[in-house]
Colleague: 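Below is one structure. I have some questions about it.
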Amino acid sequence: QVQLAESGGGLVQPGGSLRLSCAASGSIVGIYGMGWYRQAPGNQREFIAVIRSGGSTKYADSVKGRFTISREHAKNTVYLQMNSLKPEDTATYYCNLGGDGNDYWGQGTQVTVSS
């Protein structure tokens, strides 16, 4: 029912910026929060950022000060502005939505930071 579509990934040089988008569609009664996770090959999926329905945000220490999560509530869309990108940010980024008593995941978008 609920589907998440990520976009905005790509190749960027160290120090560059990207903005990821995640659009949620389907029947959603209430959204608890939307967030971003990432997973590099051989690594566990890790939490990056979340924005709750009330607007509060949380960030992983590894991205704090560099990444900003925001949303357009009317569009059920969440963004991740990524600045000062580092090679270690290279991963597949996944959008997550908590709502209707369930967690939903997108298919992921690849971010590669390399010179």
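All values derive from a computational prediction rather than experimental measurement.
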Colleague: Which residue pairs pass the side-chain hydrogen bond (donor to acceptor under 3.5 Å, both in side chains) test when at least one of the two sits in residues 80-90, sequence neighbours left out?
Modeller: Ser17-Asn83, Arg38-Asp89, Arg66-Asp89, Gln81-Asn83

Colleague: So which residues get pulled into Leu11's cluster when ILVMFWY side chains under 4.5 Å apart are joined, directly or through others?
Modeller: none

Colleague: Can you pull out every ring pair (Phe, Tyr, Trp, His ring centres under 6.0 Å) where at least one residue sits in residues 3-34? Sequence neighbours excluded, please.
Modeller: none

Colleague: Enter the distance from Gln3:CD to Tyr104:OH here, rounded to the nearest 0.5 Å.
Modeller: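 Interatomic distance, Gln3 CD to Tyr104 OH, rounded to 0.5 Å: 11.0 Å.
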
Colleague: When you measure from the side chain of Glu6 to the backbone N and O of Cys95, does any donor-acceptor pair fall under 3.5 Å?
Modeller: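 Here the side-chain-to-backbone pair exists.
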
Colleague: Looking only at non-hydrogen atoms, find the nearest pair between Ala24 and Met34 and report the distance.
Modeller: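 Nearest heavy atoms, Ala24 then Met34: CB-CE, 4.3 Å.
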
Colleague: Please find the pair of heavy atoms, one from Ile69 and one from Trp36, that lie closest to each other, and give the distance.
Modeller: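 Closest approach of Ile69 to Trp36, heavy atoms only: CD1-CD1, 3.8 Å.
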
Colleague: Nearest 0.5 Å please: distance from the CG atom of Leu80 over to the CD1 atom of Ile48.
Modeller: 7.5 Å

Colleague: Does the pair Tyr94 and Asn96 meet the rule for a side-chain contact (heavy atoms from CB on, under 4.5 Å), with working shown?
Modeller: CA-CA 6 Å; Tyr94 296 90; Asn96 170 263; over 6 Å; no

Colleague: Find out if a path of hydrophobic residues (ILVMFWY) with successive side-chain heavy-atom gaps under 4.5 Å connects Tyr93 to Ile51.
Modeller: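 Same cluster.
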
Colleague: Enumerate donor-acceptor pairs with a distance under 3.5 Å from any side-chain N or O in residues 107-115 to protein atoms, sequence neighbours excluded.
Modeller:
| residue | atom | partner | partner atom | Å |
| --- | --- | --- | --- | --- |
| Thr109 | OG1 | Gly9 | N | 3.2 |
| Gln110 | OE1 | Thr92 | OG1 | 2.9 |
| Gln110 | NE2 | Ala91 | O | 3.4 |
| Gln110 | NE2 | Thr112 | OG1 | 3.4 |

Colleague: Which residues pass the salt bridge (charged side-chain N to carboxylate O under 4.0 Å, His left out) test with Lys75, sequence neighbours left out?
Modeller: Glu72

Colleague: Between Arg71 and Tyr79, is a side-chain contact (heavy atoms from CB on, under 4.5 Å) present by the stated rule, with each step listed?
Modeller: CA-CA 6 Å; Arg71 76 179 195 276; Tyr79 304 94; 5.8 Å; no

Colleague: Compare all side-chain heavy atoms of Asp103 with those of Leu97 and state whether any distance is below 4.5 angstrom.
Modeller: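 No. Closest side-chain heavy atoms not under 4.5 Å.
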
Colleague: What heavy-atom pair brings Cys22 and Leu4 nearest, and what distance separates the two atoms?
Modeller: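 That closest heavy-atom pairing would be SG-CB, 3.9 Å.
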
Colleague: Taking C-beta and beyond as the side chain, do Leu85 and Leu18 meet within less than 4.5 Å on heavy atoms?
Modeller: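 Side chain of Leu85 against side chain of Leu18, heavy atoms only: contact under 4.5 Å found.
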
Colleague: Filter on ring pair (Phe, Tyr, Trp, His ring centres under 6.0 Å), then keep only pairs touching residues 37-68, sequence neighbours left out; what's left?
Modeller: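 Listed by first then second residue: Tyr37-Phe47, Tyr37-Trp105.
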
